[in-house]
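All of these numbers come straight from a predicted model, not from anything done at the bench.
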Amino acid sequence: MLSPQALFGALVLLSAPSAVVADTCKAPINHPGEPFSFVQPLNTTILTPYGHSPPAYPSPNTTGNGGWETALVKAKQWVNKLTLEEKTWMATGQPGPCVGNVLPIPRLNFSGICLQNGPQCVQQGDYSSVFVSSVSAAASWDRKLLYERAYALAEEHKAKGSHVILGPIGGPLGRSPYDGRTWEGFAADPYLTGVCMEETINGMQDAGVQANAKHFIANEQETQRNPTYAPDANATTYIQDSVSANIDDRTLHEIYMWPFANAVRARVASAMCSYNRLNGSHSCQNSYLLNHLLKGELGFQGYVMSDWGATHSGVASIESGMDMTMPGGFTLYGELWTEGSFFGKNLTEAVQNGTVPMSRLDDMIVRIMTPYFWLGQEKNYPSVDASVGPLNVDSAPDTWLYDWKFTGATNRDVRANHSAMIREHGGQSTVLLKNERNALPLRKPRNIVVAGNDAGPLTQGPDLQADFEYGVLAGSSGSGSCRFSYLSTPLDAINARARKDGSLVQSYLNNTLLTTSALTSPLWIPQQPDVCLVFLKSFSAEGEDRTSLELDWNGNAVVEAVATHCNNTIVITNSGGANVMPFADHPNVTAILAQHYAGEETGNAIADVLYGDVNPSAKLPYVIAYNESDYNAPLTTAVQTNGTYDWQSWFDEELEVGYRYFDAHNISVRYEFGFGLSYTTFDLKDLKAKGSAAANLTALPAKRPTEPGGNPALWETVYTLEAEVSNTGDVDGYAVPQLYLQFPTSTPAGTPPSQLRGFDKIWLEAGEKKTVTFDLMRRDVSYWDVVAQDWRIPAGAFTFKAGFSSRDFRANSVATLVKA
């Protein structure tokens, strides 16, 4: 007889879509202490391949497995000293100086826990740095850069008193280029995002600050991410519920869970459940998602916190595996414990009346405190900088219910010398998309035009909270926004170079005038410029999705206008993701650079690339299509009916996310995933096996005790390839060789023709050759078998393809890893 898990997988595989089932029904749960089990809902039948999330109870207790065992003992000893009320307030956020706050317990010399945004900076921090954005870091394809960035970012957070950084972001992954928040994440590919997550978490936690992997899971659009409430005083009645991301089992594992497995393997301290529903159930009370997949299958040992306002129940969320509600105790009644929170006083009463077992509450607090002790945050940790409180956009000081005490210096300058690193990272993450007629690097041009509203200084303050017309876009809006201490603009950096070279610089920063009268007026430079640098931007923000993939402020028309008058036009974009670029075909557009959101050193970084101080090596972490209509997976931005549960987003593209879709349907693209030029040229050849496959390699992994990241057998190297990479040009630079995998024909239908499974970044002097090695783990060569509910290596021949993008393969190798 099939197990419940296998039965669910078989139904997923065989059934056809039908109506979605609403939020998961309540089912009997095991008594505390009994083994974890998978439970079918009562009075429901799985009729759909997805759209329904079966319950799984109880929430597994943490074991500290994977290196937290000593910290777990300390956490349990500490929790034994707490009163019931102290335990419940530790699980319930409160307004305070940080964006999220766990209250102090003075009698235990516990100063509380400060949770802060964000993934690019200390959002609520003056005298702090603004680093390159996550999508910029991903474009570097550089593990060392990712780690260094995260470590330095965490140093600044720690110096300001943050215990938890709310990042990195594995969701949104980038299913759709219209998602407004992809710039806060990394890449439209689970493998690359997984590497980025792991390196970032290691960097943050090595610096002593807890990382938070978010948003779990399938948070792939901003539209209707939260319910629409009736306009009543308590805002508890839904007019329409949040959008449900409806995903089949295989896609969930191979695409959206993949990077979170890397995060758990890196022993991430916490995970944030997302706003959206998953297969009909709110993510923060989805027991299958949190108990079975995250805490069970992946072996997650940390704590699950809600996104801000994503808690929609008390007992149901707790039983389903959520350990902390944020921001928690908002109330209008002036008391610490009121009905203003699903937790708080309600949680206290639920334990007292036996609805929530004390053992479950204890595990919640043990999970919260174990990473605290593991990272040594109880020892001489910096206090919260009092200056962060007035900058708190979530709870201003007049909303605080607790009398917060501050010690230590105020307005601490935590920037150190990070600006030099940020400048270097900005250059290393800028993608060169086009370079004809040797337009770049610049060679001391005498007559320079700087055009476009993205070139100059911000004119409406240091916070990028809206799509302001003027000023370089070096970061963006929402919880990932940053406060700039200073900002290097492209115009400033180019003027500095021009003064050194004796060049003439003319600037035209008004896009409206550029597309109407500026270029035909007497103000236009009489003689033909040596080069015209056009700086354009595309705003993308939390809370709203993009409505167009064109550059903002009539950017395409700006390029057309300038290129008509200038035969050496170079376009530089600051954008959160993909833009269509019809101007790429213009004969006078000689070069294009995509810089993304590059932080405080944006101007200096782009000047370094333009003038050749940095040889570009970055690669696209997504696809740039010819037309907006070429992309699949449109967002659900409207519904035609007004039922409570009518917001449904069907992930019918399944595994065909990003470049996988374009490859599967043989659609031409303007610039493919992994593409990026250099000022030199590279080659790769002789892809071959190094050694042989692991002896007696089996199709399914050996059953071993789960560790953080899942079955440790999935992370073992089972096959290694190597190739020769050479610099065939006359400029020193970094090569980024990439390995893609084509699965055997025995793999189930719907498997993409190519999937990234390895990359490296190698410095090569002109004419130099080096060997690159690709180690493949069992997970890399497996697919998720929905019937076996396990990762299976398929029988037959694999084709390994190595080169410099998802469509630039220079060498192939074929091998069979398991016998039929």
Verify whether one side chain among Thr325 and Thr311 offers a donor that lies under 3.5 Å from an acceptor in the other. yes

If you take all heavy atoms of Val130 and Cys482, which pair is closest and at what distance? CG2-CB, 3.6 Å

What do you reckon, are the aromatic ring centroids of His215 and Tyr256 less than 6.0 Å apart? no

Is it true that Asn574 and Gln595 share a donor-acceptor pair across their side chains at a distance under 3.5 Å? yes

How about Pro95 and Thr399: do any of their side-chain heavy atoms sit closer than 4.5 Å? yes

Evaluate side-chain hydrogen bond (donor to acceptor under 3.5 Å, both in side chains) for Ser162 paired with His157, printing each intermediate quantity in order. CA-CA 5 Å; Ser162 308; His157 268 274; 3.1 Å; yes

Assess, by modelled atom type and distance only, whether the side chains of Ser283 and Asn286 contain a donor and an acceptor separated by less than 3.5 Å. no

Contacts of Lys158 that satisfy side chain to side chain contact (heavy atoms under 4.5 Å, CB included) - sequence neighbours left out: Val209, Tyr381, Pro382

Using a distance-only test with no angle check, is there a side-chain donor-acceptor pair under 3.5 angstrom linking Glu156 and Tyr127? no

Taking all heavy atoms of Phe343 and all of Gly314, pick out the closest pair and write down the distance. CE1-O, 3.9 Å

Is there a donor in the side chain of Asn604 and an acceptor in the side chain of Glu601, or the other way round, less than 3.5 Å apart? yes

Please report the closest heavy-atom contact between Met364 and Ile318, naming both atoms and the distance. SD-CG2, 3.7 Å

Side-chain donor-acceptor pair under 3.5 Å between Ser387 and Thr410, yes or no? no

Geometric class of the Tyr372/Phe110 ring pair [parallel <30°, tilted 30-60°, perpendicular >60°]: perpendicular

What one should report as the nearest heavy-atom pair of Met305 and Val164 is CE-CG1, 4.5 Å

Scanning both residues in full, the closest heavy-atom pair of Ala207 with Glu155 reads CB-N, 4.3 Å

Assess, by modelled atom type and distance only, whether the side chains of Tyr303 and Gln210 contain a donor and an acceptor separated by less than 3.5 Å. yes

Chi angles and distances behind the side-chain contact (heavy atoms from CB on, under 4.5 Å) call for Lys214, Asn219: CA-CA 9 Å; Lys214 63 181 192 180; Asn219 183 57; over 6 Å; no

Taking atom types as modelled and ignoring hydrogens, do the side chains of Ser479 and Arg181 form a donor-acceptor contact shorter than 3.5 angstrom? yes

Under a 3.5 Å cutoff, is there a donor and acceptor pairing between the side chains of Tyr147 and Asp206? yes

Using side chain to side chain contact (heavy atoms under 4.5 Å, CB included) as the criterion, list what pairs up with Asp608, not counting sequence neighbours. Arg423, Arg497, Asp613, Val614

With no hydrogens and no angle check, just 3.5 Å: does a side-chain donor-acceptor pair link Ser128 and Arg483? no

Might you point out which heavy atoms bring Glu198 and Asn262 nearest each other, and give the distance in Å? OE1-ND2, 2.9 Å

Could you list all the side chain to side chain donor-acceptor pair (under 3.5 Å) pairs where at least one residue sits in residues 104-119, not counting sequence neighbours? Glu86-Arg107, Gln116-Gln124, Asn117-Gln123

Ring centroids only, cut at 6.0 angstrom: are Tyr597 and Phe539 within range, meaning strictly under it? no

Sequence neighbours excluded, which residues qualify as side-chain hydrogen bond (donor to acceptor under 3.5 Å, both in side chains) partners of Asn276? Ser274

Please identify each residue that fulfils disulfide bond (SG atoms under 2.5 Å apart) with Cys196, with sequence neighbours left out. none

Taking 4.0 angstrom as the limit, do Asp362 and Arg360 come out as a salt bridge? no

Test Ile365 against every option in Val79, Thr88, Thr370 by the side-chain contact (heavy atoms from CB on, under 4.5 Å) rule and name the one that passes. Val79

Compute whether any side-chain donor of one residue and acceptor of the other, for Arg412 and Ser383, lie under 3.5 angstrom apart. yes

Carefully, step by step, assess Asp363 and Arg367 under the rule salt bridge (Lys or Arg N to Asp or Glu O under 4.0 Å). CA-CA 6 Å; Asp363 183 65; Arg367 283 179 175 272; 2.9 Å; yes

Which label fits Phe260 and Phe216: parallel for a plane angle under 30°, tilted from 30 to 60°, or perpendicular past 60°? perpendicular

Salt bridge check: are Arg415 and Asp126 linked by an N-O gap of less than 4.0 Å? no

What is the ring orientation for Tyr191 with Trp258, classed by angle as parallel under 30°, tilted 30 to 60°, or perpendicular over 60°? tilted

Ser395 and Asn392: CA distance, side-chain angles, deciding distance, side-chain hydrogen bond (donor to acceptor under 3.5 Å, both in side chains) verdict: CA-CA 6 Å; Ser395 57; Asn392 191 339; 3.2 Å; yes

Nearest 0.5 Å please: distance from the OH atom of Tyr275 over to the CE atom of Met272. 8.0 Å

Within a strict 4.5 Å, meaning less than it, do heavy atoms of the Pro371 and Gln377 side chains meet? no

Taking the six-membered ring for Trp and the single ring otherwise, decide whether the centroids of Phe373 and Trp68 are under 6.0 Å apart. no

Hey, are Gln301 and Thr63 close enough side-chain-wise for a donor-acceptor pair under 3.5 Å? yes

Show, in sequence, the C-alpha distance, side-chain angles and deciding distance for His596 and Phe186, and conclude whether the ring-ring contact (aromatic ring centres under 6.0 Å, His included) test is met. CA-CA 12 Å; His596 301 106; Phe186 294 105; over 10 Å; no

Residues two or more places apart in sequence or in another chain: which of them pass side chain to side chain contact (heavy atoms under 4.5 Å, CB included) with Ser320? Tyr57, Gln285, Ser287

side-chain contact (heavy atoms from CB on, under 4.5 Å) with Ile217: which of Leu293, Leu173, Leu278? Leu278

Spacing of CD belonging to Glu319 relative to OG belonging to Ser313, to within rounding of 0.5 Å: 9.0 Å

Scan side-chain atoms only and decide if Asn226 and Ser242 contain a donor-acceptor pair under the 3.5 Å cut-off. no

Lys/Arg-Asp/Glu bridge criterion (N-O < 4.0 Å) met for Asp179, Arg546: no

Is a donor from one side chain sitting under 3.5 angstrom from an acceptor on the other, for Ser481 and Ser477? no

Between Ser59 and Lys295, is there a side-chain donor-acceptor contact under 3.5 Å, judged purely by atom types and distance? yes

Main-chain N/O of Trp308 paired with Ser306 side-chain donor or acceptor, under 3.5 Å: no

Min side-chain heavy-atom separation Leu84-Thr348 under 4.5 Å: yes

